[in-house]
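Have a look at the structure below, then the notes.
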Amino acid sequence: MKFQTRVCQLLLAAHAVPAECFQMHGIGNGIKNNLGASNTNSNAGFGVGLFENRSTSIRSPSKSKINPIFSSTLEDQDASSSSSSLPKPEPATETVPKMFIKKEREAIAKKKDFYRGAGVFKKVKAEVALDMRDQFDSEMMNLMKEDPNYMMEKDGVEFYLAKDHGFCWGVERSINLAYSAVETFPDAKIHITNELIHNPMVNERLHKKNVNFIEKDGDNAKDFTQINEGDVVMLPAFGATLDEMKELDQKNVKVVDTTCPWVAKVWNTVHTHQVRGLTSVIHGKYAHEETMATKSMCETYICVTNVEEVEYVSDFMLHATEGDGRAEEFMAKFAKAASAHFDPHVHLQKIGLANQTTMYKKETRAIGQLLQKTMMKKFGPDLLNDHYYEFDTICDATQVRQDAVDELCNMHDDATKPDLDFILVVGGFDSSNTAHLLEIPQMRGVTSFHINTADCIQADNTIRHRAINGEIVEAQFPFLKDGMVWDIDDDGVRTKKCLRVGVTSGASTPDKEVQDALGRIMMLNKIRGENE
């Protein structure tokens, strides 16, 4: 009887581990499918809970040797039995369950003084929405939207509006949460850890509501010493780093999380990378607020800003060898853009791609294709899925705005449509998504200007604008050139012509700001006509 009991114990133990490992190895197919849905609740993860309590030392089914797992009761029974002739099983290895970064974030977000999502501030939400409409809506822009061609002619200027432009729903959501917090906690000291969004008008209105903007130094470190217990702290649309969230949690403050759900979706993607044992390759600007938050949600990461940097990474992956000195050169190049423990020889063997939500989508696609080809060359097509994982985390609003600007540029290639004199791009100078809207016409050879406020356009026919390289050009003259305003025949006779302007704006730009800029263009065009 004792022999039969012992055989049953061994059989049970032999089956326990393979079943567990089968569950782990089979879960991958479900993760990517779940990622497709937009997730506004950061508690809802992709594969969350399936791995959290798994022991990191569980062996793969491919291993020939299996460590049986016994309860302490059975082990005690075996130890006390000296008459058994069967060999003793190996003792179970003591392991610490893997702690995923997402669990830390969720533990903070579940606390009662952490406010997020559509369910909070219901009492003031509708009233705040009306207030936002009064502040940010534009009658002129609404009239253009009602036109089938998104076009308006006024005061000698034809305006052609990009069909997708301006505020996205994520920005509107963040503003509503921030304004609602001010209304809900009128007597509290309210702080925000960064600009709410990259738009001067919106941030100025928060200043006027007595919201304290936490200052940061050159290394992006923030001074939280001015925050006291019981204060209200708002997290911006870009999100906050995990360390910032932990520090605020220790201060016992009320936290209002306005993080865009698309940003949280990227965090869920890098969580999937951690679960799969992948290094996160982030297409983004390493010092951008959103990317800084995303980096903090990664176990191991490297940030790349463009295709050229990915080509450098790809060349290292294919040709670098241990001891050739290239690892030191690599880390010098990416010192600020990679996790502190990053080893390019180790951490580029299995990678997953994610991106800052506001990057240029075509470039992200090119980066993904390059990394995929690199992995196929290095490991072969059959093993690609073991070494590379990709999921598109470019925000939908970013993509449709880029496509709409591309469509405006097509007017220059269509003989049935008039050429535009220039495209005006309105949005914060530090807005990544707006900067990419400028890149598209610039790359296609269409004259374009990026301004952040209407007063960049002056009555002396100068314009202050941001160039594609990020430089701020002060008082460029002339803004409206003669060829834009006049038809000039062979005899030099001038005839006033219609000025044609393409118009778009970044996802954090109110329509009212755009209307004010268009008003200045009409005024300047009129002045030019009257002075000749």
Side-chain angles (χ1 to χ4, degrees), residues 138-163 165 404-427 437-469 471-505 511 513-532:
S138 158
E139 181 180 356
M140 180 179 178
M141 297 284 281
N142 288 336
L143 288 173
M144 277 194 276
K145 294 173 192 177
E146 292 172 2
D147 183 86
N149 298 313
Y150 279 62
M151 179 266 187
M152 169 184 282
E153 191 282 325
K154 189 173 183 179
D155 294 342
V157 183
E158 288 182 358
F159 294 109
Y160 295 83
L161 181 63
K163 292 180 181 178
H165 63 277
V405 173
D406 212 29
E407 188 176 342
L408 279 181
C409 295
N410 289 341
M411 292 178 65
H412 284 258
D413 301 325
D414 189 340
T416 65
K417 295 181 179 180
D419 286 348
L420 298 174
D421 289 300
F422 62 88
I423 292 177
L424 185 72
V425 180
V426 186
L437 295 179
L438 177 70
E439 290 174 4
I440 295 169
Q442 291 278 323
M443 288 189 295
R444 296 193 57 179
V446 179
T447 301
S448 47
F449 300 96
H450 173 190
I451 65 172
N452 66 339
T453 60
D455 60 11
C456 286
I457 300 170
Q458 293 292 311
D460 61 357
N461 197 24
T462 60
I463 183 170
R464 179 176 184 266
H465 66 101
R466 179 189 175 278
I468 194 170
N469 63 0
E471 177 188 356
I472 305 301
V473 181
E474 302 285 352
Q476 177 173 319
F477 177 86
F479 168 39
L480 297 187
K481 298 179 180 179
D482 284 352
M484 298 178 182
V485 180
W486 303 97
D487 277 327
I488 305 173
D489 64 18
D490 294 338
D491 297 325
V493 177
R494 299 181 176 219
T495 305
K496 188 71 174 67
K497 63 179 285 190
C498 184
L499 179 67
R500 294 185 174 93
V501 180
V503 181
T504 190
S505 54
D511 279 356
E513 189 75 68
V514 181
Q515 175 179 290
D516 292 346
L518 301 187
R520 291 196 171 221
I521 291 174
M522 289 186 289
M523 174 199 69
L524 185 57
N525 182 60
K526 185 177 180 181
I527 292 172
R528 293 284 330 262
E530 290 175 349
N531 290 345
E532 293 290 338

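Starting from 1, each residue takes its place in the sequence as its number.
- Across Pro418 and Met411, no two heavy atoms sit closer than the pair O-CE, 3.4 Å.
- Proximity of Arg528 to Asp482: side-chain heavy atoms (C-beta onward) are separated by under 4.5 Å at one or more points.
- Remark: of the listed residues Val503, Leu437, Val514, Leu518, Val514 is the sole one forming a side-chain contact (heavy atoms from CB on, under 4.5 Å) with Val426.
- With hydrogens and angles disregarded, no donor-acceptor distance shorter than 3.5 Å links the side chain of Asp491 to the backbone of Val493.
- A salt bridge (Lys or Arg N to Asp or Glu O under 4.0 Å) check over residues 139-153, counting only residues at least two apart or in different chains, returns the pairs Lys145-Asp511.
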Side-chain donor-acceptor distances from residues 440-447 under 3.5 Å, at least two apart:
unit_1	atom_1	unit_2	atom_2	d
Gln442	NE2	Ser448	O	3.3
Gln442	NE2	Ser448	OG	2.9
Arg444	NH1	Asp406	O	3.0
Arg444	NH1	Asp406	OD1	3.0
Arg444	NH1	Asn410	OD1	2.8
Arg444	NH2	Asn410	OD1	2.9
Arg444	NH2	Asp413	OD2	2.7

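- The salt bridge (Lys or Arg N to Asp or Glu O under 4.0 Å) analysis of residues 457-466, with sequence neighbours excluded, yields the pairs Arg464-Glu474.
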Problem set entry | Criterion side chain to side chain contact (heavy atoms under 4.5 Å, CB included) on Arg500 and Asp419, from CA distance to verdict | CA-CA 7 Å; Arg500 294 185 174 93; Asp419 286 348; over 6 Å; no

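- Other residues, nucleotides and ligands contribute only 12 or fewer heavy atoms inside 6.0 Å of the CG atom of Asp490.
- In this structure, the separation between CG on Leu408 and OG1 on Thr504 is 7.0 Å, given to the nearest 0.5 Å.
- Rounding to the nearest 0.5 Å gives a distance of 11.0 Å between CE of Met144 and OH of Tyr150.
- Between the CD1 atom in Ile521 and the CG atom in Leu524 there is a gap of 8.5 Å [rounded to 0.5 Å].
- Under the rule for a side-chain contact (heavy atoms from CB on, under 4.5 Å), the partners of Asn525 that lie at least two apart in sequence or sit in another chain are Val157, Leu480, Val485, Lys496, Leu499.
- Nearest heavy-atom pair across Leu438 and Ala467 is CD2-C, 4.0 Å.
- The backbone N or O of Val501 sits nowhere less than 3.5 Å from a side-chain atom of Asp421 that would complete a donor-acceptor pair.
- Residues Ala454 and Glu513 share a closest heavy-atom pair of N-OE2, 3.2 Å.
- Put simply, the side chain of Lys497 gets close to the backbone of Gly483: a donor and an acceptor are under 3.5 Å apart.
- The ring-ring contact (aromatic ring centres under 6.0 Å, His included) test applied to Phe479 returns Phe422, Phe449, not counting sequence neighbours.
- Distance check, rounded to the nearest 0.5 Å: CD of Gln476 to OG1 of Thr462 gives 9.5 Å.
- Rounded to the nearest 0.5 Å, atoms OG (Ser505) and NE2 (His450) are 10.0 Å apart.
- The main-chain N or O of Cys456 is never found under 3.5 Å from a side-chain atom of His465 such that the two would form a donor-acceptor pair.
- Considering only residues two or more places apart in sequence or on other chains, Asp455 meets the side-chain contact (heavy atoms from CB on, under 4.5 Å) condition with Thr453, Gln458, Arg520.
- In this structure, Leu161 CG and Met140 CE are separated by 9.5 Å, a value rounded to the nearest 0.5 Å.
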